[in-house]
Amino acid sequence: MIIAGILIGLLAGVLGAILGLGGGVVVVPALEFIAPRLGHDLRIQEAIAISQIGVLAVGIASTAGYLKRNLIQMRTGYLLSPYTVLGGAVGSVLGLVLPAAYVALVFALLLLYSAYTLIKGMKRVETGRDKPSPYVVPAMGFAGIMAGLLGIGGGTVQVPVMNLMLGLPIREAIATSTFIMGITATGNALVYQAAGLLDARVACAIALGILVGARLGANLQQRIPAQQLKLFFSLLLIYTAGNLIWKYWL
């Protein structure tokens, strides 16, 4: 299972770096389907707990690079991170008490949304707003809840919020979201660890694979046609969402 964890982390890191997706979108479904075939009985809540460590690894590694390029809006990150941390704690508790079928359904819907945004593209704002939207704080809290509940980084919500509602340029929004993501994942991981759901060995293997995969993905990003990858990965997300719904609901 350790080797499988490293390979899953590699895939999550490469795709995350190339496509700008959080590793949890890959890690949780992969663990959910691969672990039973390797004789490792893993509930979806345990996969989400493991994914939190992967998200933390991505946050630490990526933040260092973004800091060197001066892309992180530190003041914005410090001001918004308490809301994502609080939301993450709420989401993590929900992940512990909600039936696995409902968690799987929410995750499947997130996968479908991610596929949609990849295919259609995201509206990007490169100029600042005169006044931030009043919905920034609740939106960031919602991002935290999704991160805690589903084991994702929360960037699928945070980046559009900071780009569209705050007017941060897209690169700065991604960098600041990554910084916030690492802070949020730390709290989420502690909640799942306290509940006894975190398999530290598999989590470390996933994190190692992600750290290596992210570097490979960054190098491959300029060589592989992004549109083809986005289409292929969108189809993979749709297929995975369908399998989750079939397994837990049909």
Side-chain angles (χ1 to χ4, degrees), residues 4-5 7-38 42-52 54-55 58 91 94-95 98-124 139 142-143 145-161 163-164 170 174 177 181 206 209-210 213-214 216-217 220-221 224-250:
L7 294 176
I8 291 171
L10 279 170
L11 177 63
V14 169
L15 291 175
I18 293 174
L19 302 175
L21 288 175
V25 177
V26 177
V27 171
V28 176
L31 285 174
E32 176 73 8
F33 290 110
I34 292 176
R37 290 163 175 76
L38 297 177
L42 195 72
R43 291 180 293 160
I44 191 167
Q45 287 91 343
E46 293 174 296
I48 290 170
I50 291 169
S51 180
Q52 299 290 355
V55 171
V58 171
L94 287 175
L98 286 177
Y102 290 101
V103 178
L105 177 61
V106 175
F107 201 97
L109 293 175
L110 176 75
L111 294 179
L112 293 174
Y113 170 75
S114 297
Y116 170 79
T117 56
L118 278 174
I119 293 173
K120 298 292 290 184
M122 184 178 65
K123 181 182 177 183
R124 296 183 176 186
F142 174 74
I145 291 174
M146 291 296 99
L149 176 64
L150 303 176
I152 62 172
T156 15
V157 178
Q158 290 173 181
V159 173
V161 166
N163 182 228
L164 300 175
I170 190 67
I174 292 171
S177 172
M181 179 176 70
I206 293 280
I210 286 178
L216 293 174
L220 289 171
Q221 191 178 43
I224 302 176
Q227 295 305 316
Q228 294 181 18
L229 277 171
K230 287 181 180 181
L231 178 60
F232 169 76
F233 195 61
S234 295
L235 295 175
L236 179 62
L237 292 177
I238 294 169
Y239 172 77
T240 304
N243 273 306
L244 279 172
I245 294 172
W246 177 268
K247 178 178 179 179
Y248 285 96
W249 288 91
L250 300 177

From Ile245 CD1 over to Leu109 CG, what is the distance, rounded to the nearest 0.5 angstrom? 6.5 Å
Heavy-atom pair of closest approach, residues Ile210 and Ala12: CG1-CB, 4.2 Å
Side-chain heavy-atom pair Leu149, Leu98 within 4.5 angstrom cut-off: yes
Less than 4.5 Å apart, side chain to side chain, heavy atoms only: is that true for Pro29 and Phe107? yes
Main-chain N/O of Ala147 paired with Gln52 side-chain donor or acceptor, under 3.5 Å: yes
Show your reasoning for whether side-chain contact (heavy atoms from CB on, under 4.5 Å) applies to Ile44 and Ile48. CA-CA 6 Å; Ile44 191 167; Ile48 290 170; 4.3 Å; yes
Please say which of Ile50, Val28, Ile206 ends up in a side chain to side chain contact (heavy atoms under 4.5 Å, CB included) with Ile8. Ile206
Reported CG-to-CZ distance for the pair Leu31 and Arg43, which is rounded to 0.5 angstrom: 14.0 Å
Does the side-chain contact (heavy atoms from CB on, under 4.5 Å) test come out yes or no for Ile238 and Leu111, once each step is laid out? CA-CA 7 Å; Ile238 294 169; Leu111 294 179; over 6 Å; no
Between Ala101 and Tyr248, which heavy-atom pair has the shortest distance, and what is it? CA-CD2, 3.9 Å
Could you report the tightest heavy-atom contact between Ala108 and Ala241, atom names first, then the distance? O-CB, 3.5 Å
Identify the heavy atoms of Met181 and Gln158 that sit nearest to each other, and give their distance. N-NE2, 4.5 Å
